[in-house]
Amino acid sequence: RKYNVAILGATGAVGVRMVDQLAKSTIPVKSLKLLASSKSAGKKMKFKDQQVTVEEATPDSFNGVDLVLASPGSSVSARLLPEAVKRGAVCVDNSSNFRMDPKVPLVIPEVNPEQLKNHKGIVANPNCSTIQMLVALNPIREKFGLKQIIVSTYQAAAGAGHAALEEFYRQAQEYLDGKPMEHNILPTGGDKKHYPLAFNLLPQIDVFQEHGYTHEEWKMVHETKKIMLNDMNSPKIKVNATCVRVPVPVAHGETVYFETDDQNVTADQIKKAVDDAPGATLQDDPAHQVYPQPLNAVGKRETFVGRIRPDLENKGSFDMWVVADNLLKGAAWNTVENAEELVKRDLVHVPDDYYKA
Ligand code: 2RA
């Protein structure tokens, strides 16, 4: 079977990578539609040896489409993906819109692929910072159980969008030229005040919500519980997050502190579990200063893990450092990988009780 595929949001920072990852994927593509806003309609993009013209996305754009890869922003996904499902298309959505919807599986192929069979036409891609953390933690949970996760993130500017990344580059040059740094977007377009990111750290990603946590921090907490326990309210795994924007263009870093159920686990056992895990690459050799770095992760599909070591004052607790390209494993590649799994499992079918907005 070959598939009629559409990429919604094809011209964005994630969308262009989806086109590239689809071309490199195992999905047999019969036809490809590139969909975006009216202002991008008419642009030409390369797919394998073809040139494809970008079209404006409308509900009828999905007539005859089997598979949609989406990263258009939450409001567009909310409006258009139910229309695509109604027309018989199965959608993998990278926006945050459907992630916590009980009718929508939230999937990382290396972690919970069995959830894919429960889709009602829409599969949600988790947040980039959640994905890389769980690719690293899942082998540990499976072998030794997890009681608690405390994560601090060091998130790249690209996570805030293409315009934010451009603003960051301009700021760096302004700083070096001794000029004031223009700041109109970062830390987030959704809030009132803006600050320079270059040569700075901003402990705010997305807007603030209850108890002084940001939306990004709540995403990491709730998405982790939904994925690891298939139960958004389970108290079994305690999760706490602090998300910080750092002056790095692409690829997020995370320090992950975790406590295992099994109190007699050693750091070597943790390292072996990570080394054997799908999608994870262990880079952990302090004697030779080997550890993951964002500069080395850009453009790669893997999640890189290092600095694994025991908390010498709390038996069964460990630290580790996790790095991945937030636009690839964090978004475009995980989306395409979910689509590959749907194809492999013959799940590209919209059920009779399909998702309705
Ligand atoms: C960020 N994870 O980094 C969020 C959305 N991409 O801004």
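Note that ligands are numbered from 1 as they come in the structure, with each ligand's atoms numbered from 1 the same way. All residue numbers refer to positions in the sequence shown, counting from 1. Computed from a predicted model, the values in this text were never measured in an experiment.
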Summary of salt bridge (charged side-chain N to carboxylate O under 4.0 Å, His left out) pairs that have at least one residue in residues 273-296, sequence neighbours excluded
Lys272-Asp276
Any chance you could lay out the salt bridge (Lys or Arg N to Asp or Glu O under 4.0 Å) test for Arg1 and Asp66, step after step, and finish with the verdict?
CA-CA 11 Å; Arg1 179 186 175 188; Asp66 301 310; 3.6 Å; yes
Please list, chain by chain and in numerical order, all residues satisfying side-chain contact (heavy atoms from CB on, under 4.5 Å) with Ser74, sequence neighbours excluded.
Ser95, Ser96, Asn97
Give a yes-or-no answer on whether the side chains of Asn127 and Ser129 include a donor-acceptor pair shorter than 3.5 Å.
yes
Please determine if Lys179 forms a cation-pi arrangement with Tyr175, meaning its NZ or CZ atom is less than 6.0 Å from the six-membered ring centre and no more than 45° off the ring axis.
no
List, ordered by chain and residue number, the protein residues whose closest non-hydrogen atom lies under 4.0 Å from any atom of ligand 1.
Asn127, Cys128, Gln155, Gly159, Ala160, Ile205, Glu216, Arg245, His252
Please tabulate, for the side chains in residues 34-45, all donor-acceptor contacts under 3.5 angstrom to protein atoms that are two or more places apart in sequence or on a different chain.
unit_1, atom_1, unit_2, atom_2, d
Ser40, OG, Thr11, OG1, 3.4
Lys44, NZ, Thr53, OG1, 3.0

